[in-house]
Engineer: 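I am attaching a structure below and will ask some questions about it afterwards.
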Amino acid sequence: METESLARPLGGDAGPERRRDHESGVLIVGDWLVDEHWVVGKHRAPSSSRTGRDHSRALHRERSSVRSLCGAGQVATILHQAKCADRSHCLFDVTGIGMWNAGDSHILQRMLNPDFNVGHTPHRLAYDETTLPRCRIQPDDTAKLYSLAPDDRDTVVGTTRVIRIYQHRTEKIELERRIDWELPLTESNWKVIRRNIPTALKALHPALHSIHHILLKDLGKGVICQELIEWLSDNTDADWYISSKEWRPLWLQNLPNKRRVKLILVPQLAAQSAINSGQMSSSSWVTPEGVPSEDAITHINKFRRDFHHSKIVVLPHGMTVLARDMDKAFVLAAGGDTHLFTPMASVFFPALSAHLICDSGTEFFTALRNAHLFTEAWRTSEASRTKDDWMPMEDQTLRIPYAPPIADSMQWREYSWGRIEKEWAQALSGIGVVSSLSEKKKRKDEFQLWRAMTEVPGYVTCVPSKRKHVLTLLREGRSLQQTLADDRKNKNFYLLDSPGSGKSFLVNCLASTLGMPLLKFNLTSLSTRQDLIECFQRISAFQGEHPDSILMVFFDEMNSNVANQPAYEVFLEPLEDGSYVYNGRTFYLKPCMWLFAGTAVPEVGRTSNKWPDFESRLTSPIMDLAGRRERVGMEENKERMDQLRMVEQVYIGVATVCAAFPDVTKISRKVLEAFSLMNIETIGPRGIRRLVQRFRYVQYGRVMATNLPVEWEKQAGVEAIKFEHWKKEEDSEKLLVDVIRAIS
């Protein structure tokens with residue numbers, strides 16, 4: 001079915017008039033790409049030749065719409081099409097700066113109207129010719145595009161096109177492959193381009209006085225650079241709205257006019273990059289309970305210190321949103337990204353910016369919610385590209401004020417930013433009790449157990465060095481899962497910690513979180529080298545029975561010997577190339593996630609000199625979970641580290657109580673103090689578990705000091721003077737603290 005604009009005669013009515021006032025001029029700067037979405041099916045024609053391993057045919061019709069602008073082009077499309085609610089006029093005059101082949105400017109300009117893409121398919125050779133009688137979409141004079149490509153024969157710039165091929169798989173459609181058509185540019189080419197910026201944008205000068213808003217959409221392809229930022233800063237006096245796939249790019253830190261930045265949006269890739277690079281000591285921006293993580297608060301505070309007048313929005317993953325405006329935080333913990341065709345940030349960013357520009361008097365939460373609802377409606381319509389006759393839909397046009405076509409069923413949460421900071425500080429100091437005011441303005445004390453389990457559910461981590469190692473294990477495990485089967489390599493790690501510290505428990509929690517099947521072995525139970533080879537046989541047999549699974553393998557007590565010889569010698573070949581010898585024959589193992597644990601690092605030279613060979617096969621350096629190696633040279637932070645270790649011990653104690661007594665909902669401050677006094681070097685997590693198992697007469701869902709076993713202080717290695725002081729402390733019903741396992 002043809003839309004009204006498609007049926008309009010050449011040179012006919014251009015649709016709603018564009019508003020001509022001082023607020024309508026927007027400049028879109030960044031990486032302009034053309035996406036082509038091809039849905040294909042198996043082609044089984046008997047007359048076909050040279051088909052290769054796979055023969056497919058496109059399922060689109062002549063009047064299909066298979067292409068669209070993405071990146072900065074998608075941002076420009078949303079704003080170029082944006083209209084007031086009564087459709088009387090369009091809201092923005094769009095100007096674009098990017099880099100593409102100079103001959104494509106007029107086509108990109110027409111592509112700002114999605115209707116122009118209908119019928120422009122490779123069913124004909126001349127489908128990009130704008131002079132064809134079928135082309136009835138005329139360029140809008142208010143949309144001006146400027147390419148940074150220099151007029152230099154030695155620097156040829158192409159229009160980047162991304163072809164995504166989708167394959168029907170039973171009832172689902174899967175992304176089969178991606179093909180990028182992109183001309184490579186050398187460093188010398190980039191130097192020419194950057195020197196040429198003033199010349200390339202000379203024609204833009206007369207229109208700069210009407211530019212009041214600049215939107216930067218950076219995909220990290222090199223268009224947005226320090227030279228361009230400085231030129232824009234010197235020649236415009238506009239408000240800035242920024243979205244970059246790169247985490248805290250250098251040009252952002254050197255932005256001259258930070259006071260004019262009104263919005264910083266961190267898309268999914270940049271948010272994940274902060275985690276993967278280790279710049280965030282947390283595995284998430286938002287905890288499973290829907291609360292901004294401690295590290296997220298730290299990084300967003302850094303943005304606020306640099307950009308005092310900016311609203312900060314992070315899209316951690318899927319449709320999840322974390323935003324801060326002054327002292328308010330807003331969180332939408334939504335599900336994953338399920339639509340193949342629809343990147344969230346390139347739609348959400350212009351929609352939110354448009355609301356902030358046009359509805360400056362509207363509350364930020366309203367703008368945030370409306371931008372999210374528009375994005376969801378847009379994505380739902382775009383996902384219908386799987387149909388062979390799909391065309392752009394009406395609800396993909398942004399209208400302000402926005403009237404959402406669907407009800408907002410998402411559960412947004414609003415927090416006081418100062419309160420979140422205060423509660424995290426309380427949770428990670430002292431005995432971990434968080435104090436707040438209830439709805440009736442009464443003080444309530446809670447021990448929020450979930451705050452220490454934000455990385456791996458069930459496993460307590462408060463000390464930064466331990467969290468760093470746990471994050472590395474999570475990141476490397478997920479990397480192994482995301483790697484194609486033919487490209488996988490073993491991931492090997494050595495965990496170092498004292499006896500009874502919970503190494504085996506950590507491995508159990510990791511396997512559960514990653515969804516990996518787990519095989520566990522203890523070297524102290526093996527008496528011969530042949531027993532060790534039998535372990536490899538078990539691994540091989542499991543892989544044969546579960547060919548699609550990625551296995552986690554755990555060997556404990558690696559610093560012990562088997563048959564008076566170091567056990568690690570046997571692992572050299574399996575870790576290197578997956579081979580081992582059994583009964584004179586060579587067998588191979590598929591790549592695994594190998595975890596080794598020990599209470600010490602084997603000494604080189606006493607019985608073997610192969611330890612350096614084993615260590616060289618590790619994916620990352622030895623992971624000292626106790627942090628003993630990290631303590632060297634960290635004396636200035638010793639007080640804070642000791643405090644975190646103490647509060648971590650309290651969390652371990654409460655977690656153990658909850659595991660042993662599932663009905664417990666309250667615990668007294670005096671019991672929490674008892675956990676904090678225990679000598680972690682003496683008792684450890686295993687000792688705490690044994691101590692809790694001896695608790696007496698735990699009833700009515702509460703634990704008090706009278707429930708502690710007799711002479712618990714001796715088992716826990718508590719100093720006598722501290723114990724005497726502890727005995728004098730009050731223990732009553734009014735000092736009970738609510739134990740919160742998770743936020744409902």
Side-chain angles (χ1 to χ4, degrees), residues 465 468-470 472-473 475-477 479-480 483 486-499 501 503-504 506-507 510 516 518-540 542-543 550-630 632:
S465 59
K468 176 182 175 182
H469 295 318
V470 172
T472 299
L473 293 171
R475 182 171 60 248
E476 294 292 348
S479 173
L480 183 61
T483 304
D486 292 342
D487 298 330
R488 288 174 187 152
K489 303 293 182 184
N490 284 324
K491 299 283 188 178
N492 316 314
F493 306 93
Y494 190 97
L495 312 180
L496 179 66
D497 210 344
S498 54
S501 58
K503 299 183 291 295
S504 181
L506 167 60
V507 172
L510 274 172
M516 290 184 178
L518 172 64
L519 289 182
K520 301 172 70 174
F521 306 94
N522 192 309
L523 295 185
T524 58
S525 64
L526 307 180
S527 56
T528 67
R529 308 279 274 196
Q530 189 64 21
D531 293 339
L532 193 50
I533 301 299
E534 291 286 349
C535 297
F536 299 151
Q537 283 292 96
R538 283 187 56 191
I539 296 171
S540 178
F542 184 92
Q543 291 181 331
I550 299 176
L551 184 60
M552 181 181 292
V553 181
F554 177 54
F555 283 87
D556 203 1
E557 306 294 347
M558 274 296 291
N559 53 304
S560 61
N561 292 338
V562 175
N564 297 321
Q565 291 292 323
Y568 56 78
E569 292 181 335
V570 183
F571 291 90
L572 298 181
E573 292 306 316
L575 297 186
E576 182 68 21
D577 59 12
S579 66
Y580 67 97
V581 177
Y582 180 73
N583 289 339
R585 295 176 56 193
T586 300
F587 294 85
Y588 290 90
L589 301 174
K590 294 179 182 179
C592 303
M593 186 169 182
W594 297 80
L595 299 180
F596 305 94
T599 56
V601 176
E603 297 183 20
V604 179
R606 295 194 60 175
T607 56
S608 172
N609 61 356
K610 295 294 185 180
W611 173 253
D613 291 342
F614 178 87
E615 194 170 2
S616 69
R617 286 163 168 76
L618 297 178
T619 303
S620 67
I622 293 174
M623 296 181 169
D624 182 5
L625 299 180
R628 288 166 292 195
R629 294 185 172 190
E630 286 83 352
V632 179

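As the structure is a computational prediction, the values presented were derived from the model and not from experiment.
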Engineer: Would the distance check show the side chain of E557 and the main-chain N or O of T524 forming a donor-acceptor pair, the cut-off being under 3.5 Å?
Structural biologist: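 Checking the backbone N and O of T524 against the side chain of E557, no donor-acceptor pair under 3.5 Å is found.
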
Engineer: Are the side chains of N492 and L595 in touch, meaning some heavy atoms are under 4.5 Å apart?
Structural biologist: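 Side-chain contact under 4.5 Å: no.
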
Engineer: Please tabulate, one pair per line, all N/O donor-acceptor pairs under 3.5 Å involving side-chain atoms of residues 571-578, not counting sequence neighbours.
Structural biologist:
from	atom 1	to	atom 2	distance (Å)
E576	OE1	R617	NE	3.4
D577	OD1	S579	N	3.1
D577	OD1	S579	OG	2.7

Engineer: Kindly say whether D497 contributes a backbone atom to a donor-acceptor pair with the side chain of S501 at under 3.5 angstrom?
Structural biologist: no

Engineer: Could you tell me if the ring centre of F614 sits under 6.0 Å from that of F596?
Structural biologist: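 Yes, close enough.
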
Engineer: Donor-acceptor pairs under 3.5 Å, side chain of residues 529-537 to any protein atom, not counting sequence neighbours: which ones?
Structural biologist:
from	atom 1	to	atom 2	distance (Å)
R529	NH1	P566	O	3.1
R529	NH2	E569	OE1	3.4
D531	OD1	T528	OG1	3.4
D531	OD2	S527	N	3.1
D531	OD2	S527	OG	3.1
D531	OD2	T528	N	3.2
D531	OD2	T528	OG1	3.3
E534	OE2	Y582	OH	3.1
Q537	OE1	Y580	OH	2.3

Engineer: Taking side chain as C-beta onward, heavy atoms only, is F542 less than 4.5 Å from L589?
Structural biologist: no

Engineer: Are the side chains of N561 and N564 in contact, using a 4.5 Å heavy-atom criterion?
Structural biologist: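 A side-chain contact is absent here, since even the closest heavy-atom pair is not under 4.5 Å.
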
Engineer: side-chain contact (heavy atoms from CB on, under 4.5 Å) for Q543 and C592? Distances and angles first, verdict last.
Structural biologist: CA-CA 10 Å; Q543 291 181 331; C592 303; 3.1 Å; yes

Engineer: Between L519 and M552, is there a side-chain heavy-atom distance shorter than 4.5 Å?
Structural biologist: no

Engineer: Using the side-chain hydrogen bond (donor to acceptor under 3.5 Å, both in side chains) criterion, which residues pair with S504? Sequence neighbours excluded.
Structural biologist: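 S504 satisfies side-chain hydrogen bond (donor to acceptor under 3.5 Å, both in side chains) with K520 once adjacent residues are dropped.
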
Engineer: Test V507 against D556 for side-chain contact (heavy atoms from CB on, under 4.5 Å), laying out the working first.
Structural biologist: CA-CA 10 Å; V507 172; D556 203 1; over 6 Å; no

Engineer: Please enumerate all residues that pass salt bridge (charged side-chain N to carboxylate O under 4.0 Å, His left out) together with K491, with sequence neighbours excluded.
Structural biologist: E476

Engineer: Could you pull out the closest heavy-atom pair between F554 and A597, with the gap in Å?
Structural biologist: CE1-CB, 3.5 Å

Engineer: Measure the shortest side-chain to side-chain distance between L496 and V601 over non-hydrogen atoms and say whether it is less than 4.5 angstrom.
Structural biologist: yes

Engineer: Taking K489 for the side chain and L480 for the main chain, is one N or O donor matched with an acceptor at less than 3.5 Å?
Structural biologist: no

Engineer: Under a 4.5 Å cut-off applied to non-hydrogen side-chain atoms, are I550 and R488 in contact?
Structural biologist: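 They are in side-chain contact.
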
Engineer: Can you give me the closest heavy-atom contact between G477 and M593, atom names plus distance?
Structural biologist: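 Of all heavy-atom pairs spanning G477 and M593, the closest is CA-SD, 3.7 Å.
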
Engineer: Of the non-hydrogen atoms in M558 and F555, which two are nearest, and what is the gap between them?
Structural biologist: CG-O, 3.7 Å

Engineer: So, do N559 and T599 sit near enough that their side-chain heavy atoms are less than 4.5 Å apart?
Structural biologist: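 Result yes, sub-4.5 Å side-chain heavy-atom pair found.
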
Engineer: Can you confirm whether more than 12 heavy atoms, excluding those of K590, are under 6.0 Å from its NZ atom?
Structural biologist: yes

Engineer: Given F493, which of I622, L473, L618 fulfils the side chain to side chain contact (heavy atoms under 4.5 Å, CB included) condition?
Structural biologist: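 By the side chain to side chain contact (heavy atoms under 4.5 Å, CB included) criterion, F493 pairs with just one of I622, L473, L618: L473.
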
Engineer: D487: what forms a side-chain contact (heavy atoms from CB on, under 4.5 Å) with it, not counting sequence neighbours?
Structural biologist: T483, L484

Engineer: For the residue pair L551 and L518, establish whether any side-chain heavy-atom pair is separated by less than 4.5 Å.
Structural biologist: no

Engineer: Quick one: list whatever passes side-chain hydrogen bond (donor to acceptor under 3.5 Å, both in side chains) with N490, sequence neighbours left out.
Structural biologist: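 For N490 the side-chain hydrogen bond (donor to acceptor under 3.5 Å, both in side chains) partners, ignoring immediate neighbours, are W594.
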
